[in-house]
Structures are given as C-alpha cells and as structure tokens.
Amino acid sequence: MPAMELNRLMSDVLEKAYDPQSVEPDMLAAWEASKAFQAQPDDRTPDKRFVVMIPLPNVTGTLHLGHAINNTLQDIVTRRRRMMGCNSLYQPGTDHAGIATQAVVERRIFSEEKKTRHDIGRQELVRRIWEWKDQYEKTILGQLKRMGCSCDWDRVRFTLDDRYSDSVHETFFRWFQAGLIYRGERLVNWDTELRTAVSDDEVYHETVKGHFWHFKYRLKDPPAGGPTHLGFATTRPETMLGDVALAVNPTDERYKALVGRSALVPLFDPPREIPIVADEWADPEKGTGCVKITPAHDPNDYAVGIRHGLPMINIMTPDRCVSESGGKYSGMKFADARKAIVADMEALELLDSVEDLDVQLPHSDRSKSAIEPYLSPQWFVRMGDIPDGVTLGDKTKTPGLAQAAMDAVNDGRVRITPERYKKTYVDWLSEKRDWCISRQLWWGHRIPVWSTAAGDAPAAEQIASEITAALGTDTRFELRNEETPKGERVVTVCLAREDESAVSTLESAGFAQDPDVLDTWFSSQLWPYATLGWPEKTPDLDFYYPGSVLITSRDIITLWVARMVLSGLYNIGKVPFRDVYIHPKILDGRGETMSKSKGNGVDPLDVIAMYGTDAMRYALTDMTTETQDVRMPVEYRCPHCAAVTKQTAQNMQAKTVPCKGCKKKFATRWADEATVAEHGRAQIASEKFEIGRNFCNKLWNAARFAFMNIEGVRCDTLDVASLPTEDQWILAKLSETIRRVHEDLDRYRFSASIKRLRDFFWEALCDWYIELTKARMSGGERSAEAKQVLAFCMDQILRLLHPCIPFVTERLWGQLNTVAPQRGLPGLADPAMNDLLITAEFPPRAGWSALENETIVATFETLQSVTRAVRELRQRNNAPPKESVTVTIRASAEQIAALRDQGSIVQRLANVGELHIAMDATRPPNSGTVVLDGLQVFVHDIADDAVEGKRLETEMSEIEKQIAAKENKLANDGFVRNAKPEVVQAERERLATLNERRATLQSSLALLR
RNA sequence: GGGCGGUUAGCUCAGUUGGCUAGAGCGCCUGCUUUACACGCAGGAAGUCGCAGGUUCGAGUCCUGUACUGCCCA
C-alpha cells in the first residue's frame, strides 16, 4: 500500500483528538471477552501470584473521588503485576455496613412514609435494606467497572451473602469456644435514635450551648460545726437520679472531715443515701471541688464506680426515657425529667445558681443524634493478654490478639508505607481495649447465640445436660452455664452453623436467639480469606492467601487493617498481606475532606463523562505523593454557556446554582430529575483533570504520527553503537526510565512514576526525538532505523503507561499491532508481542541494559544546551523563525569532536544554516552570545554590540560572584577536610568550568571594548 | 490535652542518605497554522524554602523553640 494511502486510512481510523467516550466501552468489552480479569489458581509459584483485596465500599451510597483514588492505585499495581506475569487477583465486593446502611434506609423511610423501624417491623426493614443494597451495589460495581478496575467480576462478594455468613459464624464460634468472646455489662455509647450501641470510633463531639447548674445535697450527719450541705455542679440534672456518691479529692483539706459520711439525694421518697468518697477524679480547682458520681451514665464516673465498688443505677430506657429506677420521674422523657428535677430542687432550695456553658456533647456519626453513655449487656472480644495465652492458626502461642497483631507489624511481616502510620497502628493496638462487637440493629449478622434463663444452679445443670444430649454429637456447639452480674443463671449455646434442626431444638427448649447483630468490622475483618472460601480448605484459599498488598486510606488503619491482621493470624495463622499502602485523602479546594454530608464529594462518573477515565486516573496518580491530603478544587461547568463557576461553601450542596457567565441557573448532582430536566446539569470541571486529558491527547497524537511513519517497519538486527546519536540517546533514556519506574512503583511512589513517564514520553520522545527524526522518517537517510527505534519506543511506552491509563493505551496498542506487528531490537531488546496490551509483558525490571550509554546521554545533553542557546538567542533578538541563521561555536578540546560530528542535530532543531565550530573561534561582530560550560555560542548578525556588551558584562559579574563563592568554599579547610572526597572533587571541577567560562567570556568582551 | 502531618514560584505540589546556580505542572509574558497534537510548539519572567535559634566545613533537608493550618486519638 502506498504511504499516502495509508496515511489517509490511518487518520480516518484515529480521530485528530482523543475521544475517550468513543473508545472506552470497546476496550472494556475487549478485556471482558479476553477474560483477562479472571483469576484461577494454576501452577505459578507464590512469587508469581498477586492479590489485592478491595477495601470494600459500603452499600450506603455511590462512590466518590476518594474511592476513585483508592481503586485507581489498586488497579495500577494489579495491572502491572499481571503484565509482569503474575497470576493476579483483584477481589471486588461490598460491605453491608450495618449501622450506616440501616440509618440511611431508616431515614429515607421516615422522610417518605413517616414511619420508624418499629412501625414496619424487623422482617420488613431488612427486606427494604436488601432492596437498597441491590440498587447501590449495582451502582458501585458499575462505577468500578467504568473506572477500568480489573477486578474478577465473577468473584463479587457481599459481607452478608450466605457463604460469607458461614465464615462469620465459624469465627464467632471458634472465638467463643476459645473464651475470646464474652458477654459483659459495659458503659457503651448509646445512640438513642437508632437504639443501638455505637463504637467509640463512630462518635464525634459537638459543642452545644448548655447550662451549668449548681446544686447542693444535704448531709445526713453533718459534722459538728461543719457544713450542712455539699455543693456540686452538673450540666445534666436528670442524671442525679442515678447518683450513687459524691466524690472529693483525697488531698482536699476542705472536705477531709466529710469523707465516709453520707449525703441525701432528695428526689426520692425517702431520699437516697449516698456515700461521700475520696477520689482523684474530683478536681479541687474546679467549682466546689466536689463532683456527683453517676456510674451508669458517665464514663469517668463509671471508672470511679468501679474503683469504689459503687452500685450502678441505670436510669434510662433504650429510647431515652427515665426507667423504673427513677422513682416518681419514671416514664418521663429525659428532657422533661430535667425540667422537673430542676424545679423540684429549686423548690427545695437546693439550687444555688445556673450559668451558661458551652458543652462538648458526644454525637453519633451515624444518626447525628446525641449519644448517651448507657450501661447495657454487650458482647466483647478479648483483645488483651490472657493468662494462658492464645493459640494462633499456625499453632504458635501469643499473649493475646492485640499483641499478635502488633508483633506482625513490629517484626516486619506486615510493612506499612508510609512508615509513620506504623505508629498509628501500634499505638492503637497497644491499648488492648476489648472490642464491643454487638450492635442493637436489625441489619447485619445475627449473633449465633441462644440462651435461656434457668432459675437456680441445679435447674441450669439440668437444662445444660438435656440440651447437650438433644443437640447430639453431630452439631458443633459450645455451651456456657453462667451467672449474670445481676445474679441470674443463664444457659447459653453458641452454634457453629445455623442449621435448622439445631435451632428448632434450642427454641423448642425455650432458648431464644440473641436479638443483636455483629459489628460490621467483625465480618469485614474476614475479607482477605472469607472471599476465598474459608473455613473450607478451597484451592482458592490455598493459592491466593496470603495476599500481597492492601491499599487504603488512613482512617481505617485501626478499625479494619489491624483487625484483618489479628483475625488472619488467629483463624489461619498467616498475616493477610505483606504490604499496607496508605494513600492520600482527596480534599476539596478549601482543604476539607470529601464526604457526602458536606456535599463536596465528586462522582467519578461525572469526571469520566467530562474528561475520560484515563484523564481521571492520570490526575489521581499524579496527586499520590507521600504528602497526605491533596487539594482538588472543583468547578461547575455551565451546561448553557460552558462558563465555569467555582464550588463554594454556599453553592456546594445547592440543587441549583446561578452561572457566573450567562446568569442562568443550572442543576447540580443534588438536584432531582425534574430540576435537572428543567435547568440542565452542570458538569464537573477541574484543572487537574485537564492535565490528564491533555496527556492522553498528546499520547494519542504522538501515536498517530508514529503510525503514519512506521508502516512496514522492519525488525532488523541493529548495531547500537553505529546508530545515529539521537537513536542511541532515546534508547538509553528509555532503558533508564524503565528501571526507574520499577523502582518507583516497588516503593509505591505513584506520582514519581507517572512524572518520570511523562518526562520520557513528552519531553524526550516527542519534543526531541520525534522532532529530530522527522526528516529521517519521511524517507531521509537511515529512515528504516529511525522507524524501528520509534516503533520500539511506542511499544514500550504503551506498556509502561498501561497500568495507569489503560484505555487509550489499549486502543493504540491494537493499532500498533496492525501497523507494525513486529517490533523490537533483535538481540538487544526482544519484548514478546501480544494481541492485547492488558496481558502483554511489562518492560523488564532491569531495563534493556544493552541500550544504556552514559556517554551518549552526556553528549546529547550538550547538544541540547547548544540548541536551547541558539533558540534563546533567536527569540531574544526577534530573529524570524523561518529564516535560518549562521552560528559559530567556540568549543573546548573535549567537546569539539562530538560537536563537529553531531552539529546537524543543532542545525535541524534550531534552523541553523552555516555552522562553524572551532577551538579558537572569536565573537563575530553583532552576534548574539551565550556562554555554556566549555563552550560559547554565537548567532551571527542578530544583535547590537552595545546592547550585547552590556548583557555580557552583567553575566560576567554573575560568574565572578559564583567563582568567588566557590573559591571561598575550597579555601575553607573544614570543607576540604570533612566533605566526602567526591564532593570536593566535584566542586573543584565546577570551579574549573567557571574559570573557563570567565576566560571565554573575557575574550568576547575584549573584542567589544 | 496527646499523637501525626503540612507551611518551598501567583496556584497545586516535587525535592532520595545534608553537598553544583532549589524543580515540575498550571497560570502569566513573548513568538509560532513547523511533517501528530493550540488539549500544541519554542523562548522567558517569577522563590529570603513560615519565623527564631542551634548542630555542621556546608541546612529546603537534621535538632530545639514558635506561629499558623489540617488530620487522628482522648
């Protein structure tokens, strides 16, 4: 086919600008058809396996850019390893996210139907949540697919699916059996709206305007001549119903005589008599120095209560009313009880004063309502050390679960990058706080425990032996016969499997299942192996566990990462992954984290629609530096006039925003369908994604250019050393780039890796190599070699960029295979050809060592600086670009040969006609002058001697300043003695070069004077 | 209150074990329809490296203090 014809054809095939929307769907289809994402165990050895477990997104809503960065990075590492020949699994799935999901669905039901979960019942609520889950899971998986994530979609798992439940039950059962799970009464964070305990991690504090009431209690037997009352202050008068003591500091002289006596809580009839105790908690500096103690409703008081063996009176019902312990206030809402109590105290003349106070109140992250500390029975996992120790899955002993997880990181079995997050992990675990795993919710894994009240001890024995017999030996169960803190006998049975006959046996014997569900993290901690079939010994589990790297954001290092490690060690005996990489958080333009509630979240699909997936992935990769928290300012692009309007605190959550340009309103992602239909929806605009889009377009066009030229390229055996300098140079740069990119990615330096690739591709390949070889390409001398080198470079750069920008590279790869099916440098670099890029070989770790050549790189750099010098002189002196100029170069002995040999490079790139090179060249009159290391460049007849002379004088004084500084440094004895010899040597050489420069410049100036 | 970051060009960020004249992208200025790309090419201007001390022959880099800022934990 004639070249002209082919050029026409090619430009038909590849549009002038890259259009992601027309390319991406086809690439997704090609990957799917190739089954490249699918992972199956085979005969590859462990070092040729690669496993990434997705940090499972919650089915509470759709994904935002935070998820996009997370999954982009995971996809990059997975695609790279796949191309490096690893059997690679990227495990997808979603999390049922207990409280979060139930709260979202309950809120929606309430806003639409004005019904609570108690109105619709457990079964119906769970059904509704499943519906919600189906919808959001579909959206989330769709988003991930659209982002190009190469997950094995046949393996999608959900933390509440049937097989997953088996893993959860098995874990609960084993831990229960081993005594690692126990039931206890604890003060928990009670969400009175959701009526459940929430973990400390789900609580935040908010400042609320409140009051500080100063009360006093009458003393029962006041000391003679002493006070008759004892004053204290509280922000929560209603909790006085639960007061069991007053505390004073043991060092507080004022109250020494009162310790051991009693005070009277007057709200009861007869008044409740409470002791006055001495405890450090009372701060003599604050208020009266005396505090009331309500152990069942305040964490600090709880600690005091434990220390002094005080009773704990629970005065609250689950829905925040006063319980039966509240005497005449029973049944009142807390708010009403507060008013009544204040009034009653005032009537008794026991209220001294009231002041305004800002109070830090705990709130639930889930329901946004106030948290009540609440004493209630809960299930716990023992995290601390246990007297007999704990036996892990590999039969080794550890003092306790938390210690096992700490050890894994401390001894390097799990490496955390960046390393500073090791501290977060270890510090948290070292508290060894027991983990409250029960939640009073309906959405989640039911706790697999059945129990019955048993009256006295002999009756309990009777029930225990009967049920043991009834369950038989086929059922795996664990029975406990215990006394509760309140002195009741309870028989408890934990089942390893929720099989129907065992359940009906238990229930017909009067046992009832625990109404609570498990904390979401209890199930998600099993993710690295529950997804592979554990507890069954499946081939998947055998092959893909332990995994390779966990990539996540820093906020779940403790909640999730630490627990995966400890459960992996306990259940299996091996850590679940070798590496943990913590990536930056994406912040909005004002530096705030993106979240749904703030309204600053950005839907990746919006970005993709505007810029394409690769542009988004490029931008996110570029932002992934060691510095955490990267700003991502986002603007609205008006659907009417395309003007951009900045996202601000005011318009961030608005459904419609007025355009800065045309003043018309447009709809945002928060708008309903009708509003969108009426006003049109704004697209998301951001400079960051433009950079990515521009890069993809550049790649597209460079490829277009290459394809037009490399048709019919040969795959000859070449002698590198005899190739033109630019060929040797670009090949050397390529090999170095390959090596460095591997280093970067091995160390999770994502931003550095993409910057390096950008530099090689854009600057070296496009701006220098392609520009330099245009004449050779279109049939000049040594055309075949140029084509072969270009084809090879395109081949390699597409492979290198594929993990980050998979779509455009795959599309171009297909085209490259058509145009130049055979590429490579036989004997020097022989990459294997492959139909699809996704499964093609990644360039080797060591680069292509036969191509590396430091001397050529140095020579070429000299040529580059001469070229830049001529260009600068042309521009500075307004020489028309099309007119060629005459150039004289004065060169040192070392450089003259290379320059004479390669001067044509400068001629081609800077439009130089005549080129003179000599060691003793002098400055021609009226020439523009640039002084470089070891050489001086003169562009003839473009400058004025007077002007140029002044400029050179300035440059001279600049050089002299530098020389003075260097001489000073080298004259410094300390420097010469202490600095590394190579550093001193380098400084000497530098000074020599500067002196040479001065001499050269001097000679030019002499001619001008 | 404790812990961990950040503060470098107008903006967003790099800057390896301390060692040449501190870099990039965007923006800005100048020129350019040049054999793919104006989402482009060539050139240029622009930084007291938050502040104050200290260690060192030498500090953007290490140490101490301090200011501002963000996150996590209590």
Side-chain angles (χ1 to χ4, degrees), chain A residues 7 10-11 14 16-18 200-201 203 205 299 360 418 420-421 423-424 427-428 431 554-555 557-558 584-585 587 589-593 611 615 619 622-623 625-633 686-688 690-709 743-744 747 749 751-752 755 758-759 762-763 766-767 770-771 773-775 777-779 867-876 878-882 909-911 933 958-959 961-962 965-966 968-980 982-984 986-991 993-994:
Chain A
N7 287 357
M10 290 310 308
S11 50
L14 297 187
K16 191 171 169 182
Y18 174 54
D200 289 347
D201 312 292
V203 172
H205 288 80
Q360 287 270 315
R420 63 176 177 279
Y421 290 112
K423 187 169 163 59
T424 309
D427 285 357
W428 184 79
E431 290 182 28
R554 77 180 101 91
D555 36 16
I557 292 173
T558 54
K585 298 200 79 156
L587 309 178
R590 298 200 323 278
E592 292 188 35
T593 54
Y611 298 98
D622 197 38
M623 292 195 295
T625 63
E626 281 260 317
T627 306
Q628 304 296 306
D629 298 352
V630 184
R631 282 181 204 213
M632 179 81 237
S686 166
E687 187 190 86
K688 297 281 184 188
E690 272 174 35
I691 294 165
R693 181 199 57 189
N694 295 354
F695 183 81
C696 293
N697 189 57
K698 183 75 180 178
L699 181 65
W700 179 263
N701 276 292
R704 248 176 17 111
F705 173 81
F707 298 161
M708 286 177 200
N709 286 284
E743 279 169 28
D744 289 336
R747 293 156 74 171
R749 294 193 302 209
S751 179
K755 280 192 165 78
R758 178 192 174 94
D759 274 358
W762 201 314
E763 204 189 309
C766 292
D767 293 346
I770 289 181
E771 288 308 320
T773 52
K774 273 182 175 168
M777 293 293 169
S778 57
T867 303
R868 288 198 188 98
V870 176
R871 285 170 171 173
E872 186 191 332
L873 288 170
R874 297 184 64 120
Q875 173 90 11
R876 190 200 299 150
N878 301 316
K882 283 191 169 164
L909 289 175
N911 195 9
D933 286 349
E958 201 38 56
I959 288 179
K961 254 187 358 210
Q962 285 179 34
K966 282 272 168 293
N968 220 353
K969 194 169 187 178
L970 283 163
N972 184 333
D973 203 36
F975 173 69
V976 180
R977 246 202 344 266
N978 298 325
K980 279 182 262 176
E982 59 267 30
V983 173
V984 178
E987 287 291 310
R988 289 218 168 95
E989 280 165 22
R990 185 73 204 141
L991 179 61
T993 316
L994 283 169

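Sequence lines set the chain letters: A, B, ... in the order given, protein chains first and strands last, and positions in each chain run from 1.
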For [X], which contact category applies under a 4.0 Å heavy-atom criterion: base, sugar-phosphate, or nothing?
X: A/Ala986; result: nothing
X: A/Asn978; result: base
X: A/Lys423; result: sugar-phosphate
X: A/Arg871; result: sugar-phosphate
X: A/Asp767; result: sugar-phosphate

Please state how far atom [atom1] in [X] lies from atom [atom2] in [N], giving the value in whole angstrom units.
X: A/Lys966; N: B/G19; atom1: NZ; atom2: C1'; value: 10 Å
X: A/Arg704; N: B/G40; atom1: CZ; atom2: P; value: 14 Å
X: A/Lys585; N: B/U69; atom1: NZ; atom2: P; value: 20 Å
X: A/Asp622; N: B/A24; atom1: CG; atom2: P; value: 14 Å
X: A/Leu587; N: B/G70; atom1: CG; atom2: P; value: 11 Å
X: A/Glu431; N: B/C73; atom1: CD; atom2: C1'; value: 8 Å
X: A/Asp759; N: B/A14; atom1: CG; atom2: P; value: 16 Å
X: A/Tyr611; N: B/C39; atom1: OH; atom2: P; value: 13 Å

Is it true that a side-chain atom of [X] and a backbone atom of [Y] form a donor plus acceptor pair closer than 3.5 Å?
X: A/Asn697; Y: A/Arg693; result: no
X: A/Arg749; Y: A/Thr625; result: no
X: A/Asp622; Y: A/Lys755; result: no

task = Ignoring backbone atoms, test whether A/Lys755 places a side-chain nitrogen or oxygen under 4.0 Å from the OP1 or OP2 oxygen of B/A14.
result = no
Separation of the [atom1] atoms in [N] and [M], to the nearest angstrom:
N: B/G1; M: B/A59; atom1: C1'; value: 33 Å
N: B/G47; M: B/G65; atom1: P; value: 33 Å
N: B/U16; M: B/U55; atom1: P; value: 24 Å
N: B/A38; M: B/G27; atom1: P; value: 15 Å
N: B/G5; M: B/G15; atom1: P; value: 14 Å
N: B/A36; M: B/C29; atom1: P; value: 28 Å
N: B/G6; M: B/C62; atom1: P; value: 9 Å
N: B/U30; M: B/U66; atom1: C1'; value: 45 Å

Does the side chain of [X] reach to within under 4.5 Å of the side chain of [Y], using non-hydrogen atoms?
X: A/Met632; Y: A/Ser686; value: yes
X: A/Ile691; Y: A/Arg758; value: yes
X: A/Val976; Y: A/Arg988; value: yes
X: A/Arg871; Y: A/Leu909; value: yes
X: A/Arg874; Y: A/Asn911; value: yes

Worksheet entry | Donor-acceptor pair (no angle test) under 3.5 Å: A/Lys698 side chain, B/C37 base |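 Donor-acceptor pair under 3.5 Å: yes.
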Supply the atom-to-atom distance [X] [atom1] to [Y] [atom2], rounded to the nearest 0.5 angstrom.
X: A/Thr993; Y: A/Lys966; atom1: OG1; atom2: NZ; answer: 10.5 Å
X: A/Asp427; Y: A/Ile557; atom1: CG; atom2: CD1; answer: 11.0 Å
X: A/Glu431; Y: A/Thr558; atom1: CD; atom2: OG1; answer: 10.0 Å
X: A/Arg554; Y: A/Tyr421; atom1: CZ; atom2: OH; answer: 4.5 Å
X: A/Glu626; Y: A/Arg420; atom1: CD; atom2: CZ; answer: 6.5 Å

Item to check | Of A/Val983 and A/Cys766, the one whose closest RNA chain B nucleotide lies more 5' | outcome: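 With A/Val983 and A/Cys766 compared, the 5'-side residue is A/Val983.
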When A/Glu872 and A/Arg977 are each assigned the nearest nucleotide of RNA chain B, the 5'-most assignment goes to A/Glu872
Where do N or O atoms of nucleotides 33-35 of chain B meet protein N or O atoms at under 3.5 Å, pair by pair?
| residue | atom | partner | partner atom | Å |
| --- | --- | --- | --- | --- |
| B/U35 | O2' | A/Lys774 | NZ | 3.4 |
| B/U35 | N3 | A/Ser778 | OG | 3.1 |
| B/U35 | O4 | A/Ser778 | OG | 3.1 |

Under the rule of Watson-Crick or G-U wobble with both distances under 3.5 Å, where | means paired to another strand and [ ] a crossing pair, RNA chain B maps to (((((((..((((.....[...)))).(((((.......))))).....(((((..]....)))))))))))).
Check nucleotides 25-29 of chain B for protein N or O atoms closer than 3.5 Å to its own N or O atoms and list the pairs.
| residue | atom | partner | partner atom | Å |
| --- | --- | --- | --- | --- |
| B/C26 | O2' | A/Glu687 | OE2 | 2.7 |

With respect to the side chain of [X], which nucleotide from [options] is positioned closest?
X: A/Gln875; options: B/G31, B/A36, B/C13; answer: B/G31
X: A/Arg554; options: B/A14, B/C71, B/C39; answer: B/C71
X: A/Thr625; options: B/G43, B/C39, B/C13; answer: B/C13

Practice task
Identify whether NZ of Lys or CZ of Arg in A/Lys688 sits under 6.0 Å from the centre of the six-membered ring of A/Tyr611 and within 45° of that ring's axis.
Solution key: no
